[in-house]
J.: 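Just passing along the structure, written as C-alpha cells.
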Amino acid sequence: MNGGREALWLRIANKCPNCDLSDARLSSAYLVNANLSGANLSGANLSSAYLVNANLSRTNLSEANLSGASLGYLLFLGESANLSGAYLIRTNLSGAYLSGVNFNHARLNNARLGGATLNANLEGADLSGADLRGTSLGGANLKGANLKGADLRGANLSGANLHGANLSGANLTGTDLTDTYIQGAIGLKK
C-alpha cells in the first residue's frame, strides 16, 4: 500500500465515516474520539493504536491487527461492528460497549475487558488469560470459545452460550450463570 491513504487519514483529522482504509498501516495511530462508523478497516494494522472513545459502529475490522491497542470506552452504539478473525491480543477494551459485535474466531488472548458490555458473538474466540472481571456477557455466544485461565470474577454470564467452551483454570467467583447453557463446557467441576 502506498502512503496515500495514510496522508489522507491525517488530513481528515479522525473523521472518516464510510471510508475505505482496508489494509491501511495505522500502527500507533492516535485516534481519540475518531468517527469511523461504517468504515472498512479489514486487514488494517492498528497495533498499539489509541482509539479511546472512537465510534466504530458498523465498522469492518475483520482480520485487522489491533494487538496492544487501547480501545477503552468504545462507542459501538449498539450497532454491529465486524471483528471476526481480528487480532486483539493484549488489547485494552475496558468499559467498552460491545453489544452486537461479531468477534467470531477473534484472538483476544490476555485482553483487558473489565467492565465491558459483551453481549456479542464470541463463537470460537480465544479469550485465554483475558481479564473479564465485572464484564457483562449476558446473552453472549461463547460456543467453543477458549476461556482457559480467564478471570471471570463478578462477570455476568446469565443466558450466555458456553457450549464446548474451555473454562480450565477460569476464575468464576461471584459469576452469575443463571440460564447459562454450559453443556460440553470443559474445566467445570461438578
Side-chain angles (χ1 to χ4, degrees), residues 1-127 130-132 134-142 145:
M1 171 179 181
N2 64 27
R5 283 193 177 154
E6 287 84 357
L8 170 68
W9 181 254
L10 294 174
R11 283 197 306 271
I12 57 178
N14 298 342
K15 293 180 181 133
C16 196
N18 302 310
C19 63
D20 183 5
L21 292 168
S22 55
D23 299 315
R25 293 185 307 265
L26 299 165
S27 180
S28 300
Y30 186 78
L31 305 168
V32 174
N33 299 316
N35 181 0
L36 299 166
S37 59
N40 180 9
L41 286 155
S42 60
N45 182 356
L46 289 153
S47 59
S48 301
Y50 197 73
L51 286 120
V52 174
N53 251 3
N55 181 348
L56 299 175
S57 63
R58 302 177 327 278
T59 302
N60 181 3
L61 287 154
S62 59
E63 305 295 328
N65 182 357
L66 294 145
S67 295
S70 186
L71 298 150
Y73 303 97
L74 281 180
L75 303 174
F76 280 103
L77 306 175
E79 298 182 45
S80 294
N82 183 7
L83 284 105
S84 61
Y87 291 86
L88 296 136
I89 300 163
R90 294 179 314 281
T91 299
N92 181 4
L93 289 153
S94 300
Y97 183 75
L98 305 165
S99 186
V101 175
N102 182 7
F103 286 104
N104 189 26
H105 295 283
R107 302 228 14 225
L108 291 142
N109 317 63
N110 299 306
R112 291 182 305 196
L113 292 143
T117 299
L118 258 170
N119 180 4
N121 179 16
L122 292 149
E123 185 170 346
D126 188 349
L127 291 150
D131 179 358
L132 296 159
T135 300
S136 176
L137 290 151
N141 180 10
L142 291 154

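Heavy-atom basis, side chains included; hydrogens, waters and symmetry copies ignored. Sequence positions, counted from 1, serve as the residue numbers for this chain.
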J.: With rounding to the nearest 0.5 Å, note down the distance linking CG in Asp126 to CG in Leu108.
T.: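 So the CG of Asp126 and the CG of Leu108 are separated by 8.0 Å.
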J.: Do Leu26 and Leu41 make a side-chain contact, defined as non-hydrogen atoms from C-beta onward lying under 4.5 Å apart?
T.: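 Sidechains of Leu41 and Leu26: in contact.
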J.: Please report the interatomic distance CZ(Arg25) to CG(Asn45), rounded to the nearest 0.5 Å.
T.: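 Atom-to-atom, Arg25:CZ and Asn45:CG are 9.0 Å apart.
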J.: Do you know the tightest heavy-atom contact between Leu122 and Ala145?
T.: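 Taking every non-hydrogen atom into account, O-CB, 3.7 Å.
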J.: Between Phe103 and Leu98, is any pair of side-chain heavy atoms under 4.5 Å apart?
T.: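 They are in contact (side-chain heavy atoms under 4.5 Å apart), so the answer is yes.
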J.: Val101 and Ala120: which non-hydrogen atoms are nearest, and at how many Å?
T.: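 Between these two residues, the closest heavy atoms are O-CB, 3.1 Å.
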J.: Please determine which of Leu93, Val52, Val32, Leu51 meets the side chain to side chain contact (heavy atoms under 4.5 Å, CB included) test together with Ser70.
T.: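 When side chain to side chain contact (heavy atoms under 4.5 Å, CB included) is applied between Ser70 and each of Leu93, Val52, Val32, Leu51, only Val52 qualifies.
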J.: Calculate, to the nearest 0.5 Å, the distance between atoms CG and CG belonging to Asn141 and Asn119 respectively.
T.: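 So the CG of Asn141 and the CG of Asn119 are separated by 10.0 Å.
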J.: Nearest 0.5 Å, please: how far is NE2 in His105 from CG in Asn121?
T.: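 If I round to the nearest 0.5 Å, the distance is 8.5 Å.
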J.: For the atom pair CZ (Arg107) and CG (Leu66), what is the distance rounded to the nearest 0.5 Å?
T.: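 One finds 13.5 Å between CZ of Arg107 and CG of Leu66.
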J.: Return all side-chain donor-acceptor pairs below 3.5 angstrom for residues 81-89, not counting sequence neighbours, or 'none' if the list is empty.
T.:
from: Asn82; atom 1: OD1; to: Ser84; atom 2: N; distance (Å): 2.9
from: Asn82; atom 1: OD1; to: Ser84; atom 2: OG; distance (Å): 2.8

J.: Mind listing the closest non-hydrogen atom pair of Leu71 and Thr91 along with its distance?
T.: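 Looking at all heavy atoms of both residues, the shortest contact is CD1-CG2, 3.2 Å.
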J.: With heavy-atom distances below 4.5 Å as the criterion, would you say the side chains of Ser42 and Glu63 are in contact?
T.: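 Ser42 does not reach Glu63 side chain to side chain.
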J.: Any chance you could measure Leu127, atom CG, to Leu118, atom CG, to the nearest 0.5 Å?
T.: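 Between atom CG of Leu127 and atom CG of Leu118 there are 8.0 Å.
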J.: With sequence neighbours left out, what residues match Ser27 under side-chain hydrogen bond (donor to acceptor under 3.5 Å, both in side chains)?
T.: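 Ser47.
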J.: Can you give me the closest heavy-atom contact between Glu123 and Asn104, atom names plus distance?
T.: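 Here Glu123 and Asn104 meet closest at O-OD1, 2.8 Å.
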